[in-house]
Amino acid sequence: MKLATWNVNSLAVRLPQLLAWLQANPVDAIALQETKLTDDKFPAAEIEAAGYRAQWFGQRTYNGVALLSRGDVADVVRNIPGHDDEQARVIAGTLGDLRLIGAYFPNGQAPGSDKFAYKLRWIEALRDWVRSELAAHPRLVLMGDFNIAPEDRDVHDPVAWAGQIHCTDEERAHFRDLLAVGLVDAFRLFDQPPKSWTWWDYRNLAFRRNQGLRIDHVLVSEALKPQVLACTIDKAPRKAERPSDHAPVVVELGD
DNA sequence: ATGACTCCCAGTGGGAGA
């Protein structure tokens with residue numbers, strides 16, 4: 001079984017690339033972030049024609065998430081129950097005996113800003129909810145754009161990024177608190193090439209220079225950890241014409 | 001270097017992203 005997460009930075013723009021990627025990488029499920037579409041504009045027909053069922057939850061201009069899967073998902077949840085939020089950032093569903101949660105974490109803009117405070121509160125609410133989800137669903141995957149580079153080795157220039165958004169001690173502590181509910185970073189279960197990133201700035205020839213951050217993650221529950229066979233970043237879509245600034249992350253689970 | 005690019009909604013510019 002293969003799962004993926006990809007911040008597409010506008011599904012309206014990236015739909016052809018998504019469909020091509022799914023044809024080349026027929027994963028069992030994929031979580032999408034930054035669809036930037038109201039629900040009435042979601043391209044459900046095109047996605048169904050490509051062989052995927054879809055659940056979606058969006059809004060105009062910003063945010064928006066979706067969960068695509070080969071089979072039907074059950075018990076779909078949109079956003080964090082009990083956490084009032086105008087922003088469409090979470091979609092969850094159960095595929096077989098796997099609980100899948102796709103999330104688009106707030107950017108946070110700058111340490112000390114209102115958006116930064118919102119980011120931290122949002123992560124705390126997510127953590128509390130994921131803890132309860134884990135109790136009900138031991139086989140759980142939390143994947144998406146976390147907007148956090150967990151360690152310095154996830155940053156192309158840790159000195160320049162020190163204390164900057166995505167790299168602050170507070171964000172990293174919140175990431176560790178999330179792991180502490182019983183999750184593990186699937187990417188770090190394996191030896192990985194140095195300078196592995198999932199996002200590269202559109203500016204500065206950042207992709208060509210491989211100047212990026214690893215901010216998109218797949219976290220698996222302790223119960224799933226023994227079944228993780230591989231976790232990789234697919235840089236190919238970042239080389240396309242009009243790419244998203246993020247690359248997909250793919251995880252393979254054994255039986 | 002308070003830059004750079006891309007997307008969106010706007011409307012011939014500006015906010016946000018990361």
Side-chain angles (χ1 to χ4, degrees), chain A residues 5-18 21 31-43 56-66 85-90 102-120 122-123 126 143-172 174-175 178 187 195-217 233 235-249:
Chain A
T5 179
W6 191 8
N7 179 325
V8 293
N9 185 17
S10 170
L11 186 53
V13 174
R14 230 65 66 192
L15 181 62
Q17 289 184 38
L18 172 66
W21 190 85
L32 305 178
Q33 301 87 40
E34 285 207 85
T35 56
K36 299 186 179 180
L37 292 173
T38 51
D39 288 343
D40 58 303
K41 301 244 175 62
F42 190 85
W56 58 92
F57 179 43
Q59 64 186 96
R60 200 181 74 154
T61 312
Y62 302 114
N63 311 315
V65 287
D85 198 345
E86 311 252 307
Q87 304 184 26
R89 295 188 173 279
V90 176
Y104 175 50
F105 286 47
N107 173 293
Q109 200 167 57
S113 67
D114 289 349
K115 288 178 180 174
F116 189 74
Y118 164 75
K119 180 178 193 172
L120 297 180
W122 186 93
I123 297 169
L126 180 72
M143 56 186 165
D145 176 357
F146 285 58
N147 272 317
I148 299 173
E151 301 176 59
D152 277 355
R153 61 176 166 164
D154 301 312
V155 182
H156 73 92
D157 185 347
V159 173
W161 279 87
Q164 302 297 309
I165 195 66
H166 311 302
C167 302
T168 64
D169 292 342
E170 290 148 292
E171 291 164 279
R172 287 175 170 178
H174 274 58
F175 184 84
L178 203 44
F187 190 74
K195 304 185 189 305
S196 287
W197 324 126
T198 65
W199 170 86
W200 300 259
D201 201 307
Y202 282 125
R203 301 167 290 188
N204 311 327
L205 305 172
F207 182 72
R208 208 169 78 182
R209 295 171 172 159
N210 198 29
Q211 298 176 343
L213 305 175
R214 191 177 72 95
I215 55 178
D216 300 84
H217 307 297
I233 299 163
K235 291 172 73 167
R238 190 61 177 80
K239 300 170 187 170
E241 291 284 321
R242 289 186 87 187
S244 167
D245 42 357
H246 295 253
V249 182

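Just so it is clear: chains get the letters A, B, ... in the order the sequence lines come, proteins before strands, and each one is counted from 1. It should be emphasised that the depicted structure is a prediction, and the values quoted were computed from it without experimental measurement.
Residue-to-nucleotide proximity on DNA chain B shows that, of A/Arg14 and A/His166, the 5′-proximal contact is made by A/Arg14. Sequence order on DNA chain B of the closest nucleotides to A/Trp199 and A/Val13 puts A/Val13 first from the 5' end.
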CA sep, side-chain torsions, deciding dist, call: A/Trp199, A/Asp216, side chain to side chain donor-acceptor pair (under 3.5 Å): CA-CA 8 Å; A/Trp199 170 86; A/Asp216 300 84; over 6 Å; no
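Note on A/Asn147: a side-chain N or O is less than 4.0 Å away from OP1 or OP2 of B/dA18. For B/dA18, neither phosphate oxygen OP1 nor OP2 lies less than 4.0 angstrom from any side-chain nitrogen or oxygen of A/Tyr62. Within the 4.0 Å cut-off from OP1 or OP2 of B/dA18, at least one side-chain nitrogen or oxygen of A/Asn7 is found. The shortest distance between the side-chain N/O atoms of A/His246 and the OP1/OP2 oxygens of B/dG17 is not below 4.0 Å. Side-chain nitrogen and oxygen atoms of A/Arg203 include none within less than 4.0 Å of the OP1 or OP2 phosphate oxygen of B/dA18. Regarding contacts with the backbone of B/dT6, every side-chain N or O of A/Ser10 stays at 4.0 angstrom or more from both OP1 and OP2.
Under the 4.5 Å side-chain criterion, counting only non-hydrogen atoms from C-beta, A/Asn9 is in contact with A/Tyr202. Within the 4.5 Å cutoff, no side-chain heavy atoms of A/Tyr104 are placed close to those of A/Leu32. At a threshold of 4.5 Å between non-hydrogen side-chain atoms, the residues A/Trp161 and A/Leu213 count as touching.
Among the heavy atoms of the strands lying under 4.0 Å from A/Tyr104 are primed sugar atoms or P, OP1, OP2 only; no base atom is included. Residue A/Glu34 is classed as a sugar-phosphate contact, given heavy-atom separations below 4.0 Å to backbone atoms only. Residue A/Lys119 is classed as having no contact, given no heavy-atom separation below 4.0 Å to the nucleic acid. Residue A/Ile215 is in sugar-phosphate contact alone, with no base atom involved, counting any heavy-atom pair closer than 4.0 Å across all strands shown. Within 4.0 Å of A/Asp145, counting heavy atoms only, lie sugar-phosphate atoms of the nucleic acid but no base atom.
In this structure, the CD1 atom of A/Ile148 is 15 Å from the P atom of B/dG17, given to the nearest Å. To the nearest angstrom, P of B/dA16 lies 11 Å from CD of A/Gln87. Look at CZ on A/Phe207: it is 16 Å from C1' on B/dT6, rounded to the nearest Å. Remark: C1' of B/dA16 and CZ of A/Arg89 are 11 Å apart, rounded to the nearest angstrom. With rounding to whole Å, A/Phe116 atom CZ is found 17 Å from B/dA16 atom C1'. Here B/dG17 presents its C1' atom at 14 Å from OH of A/Tyr118, a figure rounded to the nearest Å. Look at CD on A/Gln109: it is 17 Å from P on B/dG14, rounded to the nearest Å. Atom C1' of nucleotide B/dG17 and atom CZ of A/Phe105 are separated by 17 Å, given to the nearest angstrom.
Comparing the same atom, C1', in B/dG3 and in B/dG14 gives a spacing of 16 Å after rounding to whole Å. Nucleotides B/dC7 and B/dA18, compared at atom P, are 14 Å apart to the nearest Å. Distance check on atom P: B/dA4 versus B/dG13 gives 15 Å, rounded to whole Å. Between the P atoms of B/dA16 and B/dA10, the separation comes to 15 Å (whole Å).
Ring geometry, A/Trp21 versus A/Trp6: the interplanar angle falls from 30° to 60°, so the pair is classed tilted.
In this structure, a donor-acceptor pair under 3.5 Å is absent between the side chains of A/Tyr62 and A/Asn107.
For NZ of A/Lys41, the number of neighbouring non-hydrogen atoms (other residues, nucleotides, ligands) closer than 6.0 Å is 12 at most.
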What are the atom names and distances for every N/O pair under 3.5 Å that joins the protein to nucleotides 9-13 of chain B?
| residue | atom | partner | partner atom | Å |
| --- | --- | --- | --- | --- |
| B/dC9 | OP1 | A/Thr61 | OG1 | 3.4 |

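At a cut-off of 3.5 angstrom, counting only N and O atoms as typed in the model, there is a donor on one side and an acceptor on the other between the side-chain of A/Asn107 and the base of B/dA18.
Among the nucleotides B/dC8, B/dA4, B/dG17, the one closest to the side chain of A/Asn204 is B/dA4. Distances were taken from every side-chain heavy atom of A/Tyr202 (C-beta onward) to each of B/dA18, B/dC7, B/dC5; the shortest belongs to B/dC5.
Counting only distance, with no hydrogens or angles, the side chain of A/Trp197 and the backbone of A/Asn210 share a donor-acceptor pair below 3.5 Å.
Ion pairing between A/Arg89 and A/Asp145 fails under the 4.0 Å rule for side-chain N and carboxylate O.
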